[in-house]
Asks: 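Let me give you the structure first, and then I'll get to my questions.
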Amino acid sequence: MAERRAAAQRLSARIGEAVEPPPVPAIDDIALPRPRLEVPDSLTGWVSTTTAERVTHTYGGHSLELLKALRGDFDYPPDAVAHPNDEDELEATLAWCDRKGYATIPYGGGTSVVWGLNVPADAQAAVTIDLDNLNTVLEVDEVSRAARIRAGILGPDLEAALKPLDLTLRHFPQSFPWSTVGGWVATRSGGHYATNHTHIDDFVESTRMLTPKGWFESRRLPGSGAGPSPDRLVLGSEGTLGIITECWLRLQKRPVFRGTAGVTFGTWKNGCEAVREIVQAKLWPANLRILDPAEAEFSAGLSGGHALLIIGFESSEIAQDANIQAALAIARSHGGVVDDRDILVDDGAGKPTGRGGAVGAWRNAFIGVNAGLTAGLGLLADTFETAITWDRWPDFDAEVRERVGVALRGALGGARLSCRFTHVYPDGPAPYYSFSGIVPRGAEEERWRVVKDAATEAVVAAGGTVTHHHAVGRMHRAGWDVQRPALLGDLWRAAKRSVDPNGILNPGVLIDP
Ligand SMILES: Cc1cc2nc3c(=O)[nH]c(=O)nc-3n(C[C@H](O)[C@H](O)[C@H](O)COP(=O)(O)OP(=O)(O)OC[C@H]3O[C@@H](n4cnc5c(N)ncnc54)[C@H](O)[C@@H]3O)c2cc1C
């Protein structure tokens with residue numbers, strides 16, 4: 001509550017009027033529709049219909065969902081929630097759902113921001129299957145550097161299990177503390193500290209998934225050219241084909257050598273050009289992200305209309321001083337300014353030298369993100385993220401800002417729009433736009449829709465993707481339907497029919513039920 005109060009005070013300062021955070025409803029005060037199913041005796045050990053279970057599995061992590069939860073709006077909860085303890089219990093649960101035709105929603109950490117976990121309004125009944133009890137590292141192959149990991153493990157628990165072996169996955173989505181391996185694979189998550197290896201795809205060696213028709217398991221291979229990759233069907237399947245129970249993921253030694261610096265640029269354009277040259281020089285910094293002047297001011301405390309570029313190198317084997325200096329030389333050649341005292345270098349002793357400057361402030365803002373803090377305060381805040389080839393940038397940026405800006409100004413008071421690159425590739429950046437503004441209470445959903453539709457249409461029309469790493473879910477269906485080859489929809493429906501003939505798995509996600 002203290003954090004919500006502090007967020008309310010910050011908002012009061014921004015809009016010049018007092019804002020009080022609304023109370024969080026008590027579970028006992030929430031009225032749920034009655035469960036529309038009866039759990040067979042054989043499953044009651046791990047399947048429950050309690051209000052607490054149903055309430056806590058109704059929504060993911062999108063700001064409109066948090067707002068609904070805060071208002072006590074739980075019109076479409078799952079009728080039951082399962083927490084299988086092993087694959088036998090999972091098989092029994094899925095067989096029951098399939099027999100009865102219940103909509104079945106796989107659930108990892110519950111951080112979906114694209115409405116990937118909701119019960120469809122027209123489902124006759126729905127069961128959410130939470131993988132939280134399948135949460136261990138089963139095996140580590142230290143020679144090949146890979147581990148067999150159960151899908152329900154959370155990011156910090158995975159890293160804690162690997163640490164004693166001096167190994168790490170180093171896949172850090174911003175939601176790392178609350179999201180799971182299964183969720184990452186199902187949504188093709190994007191990690192940070194990952195200019196080279198960005199999506200979880202790059203780490204997947206093999207997968208194991210339970211479908212209503214049986215098990216789907218791929219062979220562990222470092223690479224293979226044998227026809228279509230089975231893992232490619234699992235990656236990004238978003239719970240529509242089966243329930244991922246485990247994966248072999250590629251690991252690396254924990255880095256000890258680091259080099260980090262923040263560079264300021266007088267213009268956004270110059271900073272973006274520097275980023276392109278650094279990534280095309282194949283220096284592979286672990287972190288290469290640029291914040292436009294609005295974002296640099298808001299989240300890194302910079303003033304004076306400067307863009308901020310954050311560069312970070314890391315390695316388990318090789319000192320990173322030369323790499324950071326090479327990247328900084330490119331940045332300086334594009335007008336970048338860096339104070340040498342702000343270069344932070346760890347030469348492997350765990351005692352970094354240098355100050356770090358604005359990078360630390362930005363890092364704290366990034367890690368401390370909590371969309372729930374502003375829910376219900378009359379502030380609408382959200383993001384949209386995409387990717388585009390360099391040849392279309394910066395025209396893409398100009399077009400998106402123009403179209404979204406018009407929608408924002410019409411929908412929200414005192415609106416802000418800013419951008420950063422969360423990931424960059426040799427052939428293009430992944431821009432991540434944040435917007436916020438004051439909204440009349442009760443009009444949040446309608447105003448959000450105006451801005452979101454404008455963003456989706458602008459991004460797709462200008463040649464980008466409707467999502468770079470947040471997934472499709474139900475939210476991005478319209479954009480994805482336009483962007484993907486039309487026949488991919490037919491192929492996916494055919495694939496789904498063959499493993500999920502009754503269409504129980506996550507109906508409405510990716511394709512129509
Ligand atoms: C504050 C915040 C920051 C975020 N930052 C990032 C980011 O940096 N990068 C990024 O990529 N995403 C980010 N996200 C989005 C989200 O965290 C990712 O999509 C993440 O991969 C979801 O993992 P999860 O375990 O929470 O899955 P859930 O949210 O529980 O599920 C996501 C989808 O996957 C399906 N699913 C989950 N587990 C399984 C399984 N075992 N088998 C089959 N299907 C399954 C679900 O049905 C659902 O459709 C962020 C979200 C929040 C709230």
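Numbering starts at 1 and runs along the sequence shown. These values consider heavy atoms only, across backbone and side chains, with no hydrogens, waters or symmetry-generated copies. Both ligands and their constituent atoms are indexed starting at 1 by order of listing.
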Asks: Check each of E159, K163, Q252 against T168 using the side-chain hydrogen bond (donor to acceptor under 3.5 Å, both in side chains) test, and report the only one that passes.
Replies: E159
Asks: When you compare ligand 1 with G116, is there at least one nitrogen or oxygen pair between them that comes in under 3.5 angstrom?
Replies: yes
Asks: Could you list all the side chain to side chain donor-acceptor pair (under 3.5 Å) pairs where at least one residue sits in residues 116-127, not counting sequence neighbours?
Replies: E65-N118
Asks: Counting only heavy atoms not in R219, do more than 12 fall under 6.0 Å of its CZ?
Replies: no
Asks: Minimum distance, heavy atoms only, to atom 14 (N) of ligand 1: which one of G236, S175, G239 is it?
Replies: S175
Asks: Could you see which bit of V185 sits under 4.0 Å from ligand 1, with heavy atoms only: side chain, backbone, both or neither?
Replies: neither
Asks: How about W284 and H197: are their ring centroids closer than 6.0 Å?
Replies: no
Asks: Check P25 against L70 and note the closest heavy-atom contact, atom names and distance.
Replies: CD-O, 3.2 Å
Asks: May I ask you to check whether W393 and F421 place their ring centers less than 6.0 Å from one another?
Replies: yes
Asks: Would you check whether F172 has a nitrogen or oxygen atom less than 3.5 angstrom from a nitrogen or oxygen atom of ligand 1?
Replies: no
Asks: Any chance you could measure R170, atom CZ, to H192, atom NE2, to the nearest 0.5 Å?
Replies: 13.0 Å
Asks: List ligand 1 atoms under 4.0 Å from V113, heavy atoms only on the residue side.
Replies: 15 (C), 51 (C), 52 (C), 53 (C)
Asks: Mark the output for G190 as yes if a heavy-atom distance to ligand 1 is under 4.0 Å, and as no if none is.
Replies: yes
Asks: Can you name the atoms of ligand 1, numbered from 1 with element, that are less than 4.0 Å from a heavy atom of L117?
Replies: 29 (O), 30 (O), 31 (O), 46 (C), 47 (O), 48 (C)
Asks: Show which atoms of ligand 1 fall inside a sub-4.0 Å distance from at least one heavy-atom site of I243.
Replies: 42 (N), 43 (C)
Asks: Heavy-atom distances under 4.0 Å are what count here, so tell me which part of T180 touches ligand 1: side chain, backbone, both or neither.
Replies: both
Asks: I'd like to check which ligand 1 atoms, numbered from 1 as shown, lie under 4.0 Å from a non-hydrogen atom of S189.
Replies: 11 (O), 21 (O)
Asks: Hey, are the side chains of T467 and T386 touching, using non-hydrogen atoms and a 4.5 Å cut-off?
Replies: no
Asks: Output yes when the distance from some N or O of ligand 1 to some N or O of G108 is under 3.5 Å, and no in every other case.
Replies: yes
Asks: So, E217 and S206: side-chain donor and acceptor under 3.5 Å apart, yes or no?
Replies: no
Asks: As an exercise, identify every atom of ligand 1 less than 4.0 angstrom from a heavy atom of N506.
Replies: 47 (O), 49 (O)
Asks: Nearest heavy-atom pair of L505 and T240: which atoms, and what distance?
Replies: CB-O, 3.6 Å
Asks: Report yes or no: does G242 have a heavy atom closer than 4.0 Å to ligand 1?
Replies: yes
Asks: Should one rank E246, H470, R474 by closest heavy-atom distance to atom 12 (N) of ligand 1, which comes out on top?
Replies: H470
Asks: Any N or O on Y107 sitting closer than 3.5 Å to an N or O of ligand 1?
Replies: no
Asks: Is the distance between the ring centroids of Y102 and W96 under 6.0 Å?
Replies: yes
Asks: Taking distance alone, with N or O pairs closer than 3.5 Å, would you say S179 contacts ligand 1?
Replies: no
Asks: Side chain, backbone, both or neither: which part of H192 comes within less than 4.0 Å of ligand 1 when only heavy atoms are counted?
Replies: side chain
Asks: Pick one of side chain, backbone, both or neither for how I244 approaches ligand 1, counting any non-hydrogen atom pair under 4.0 Å.
Replies: both
Asks: Compute the minimum heavy-atom distance from G110 to ligand 1 and say whether it is under 4.0 Å.
Replies: yes
Asks: Output all residues satisfying salt bridge (Lys or Arg N to Asp or Glu O under 4.0 Å) with R71, sequence neighbours left out; order by chain, then residue number.
Replies: E444
Asks: Using a 4.0 Å cut-off to any heavy atom of G183, which atoms of ligand 1 qualify?
Replies: 21 (O), 23 (O), 24 (P), 25 (O), 27 (O), 37 (C), 38 (N)
Asks: What atoms in ligand 1 come closer than 4.0 Å to a heavy atom of A186?
Replies: 34 (O), 35 (C), 36 (N), 44 (N), 45 (C)
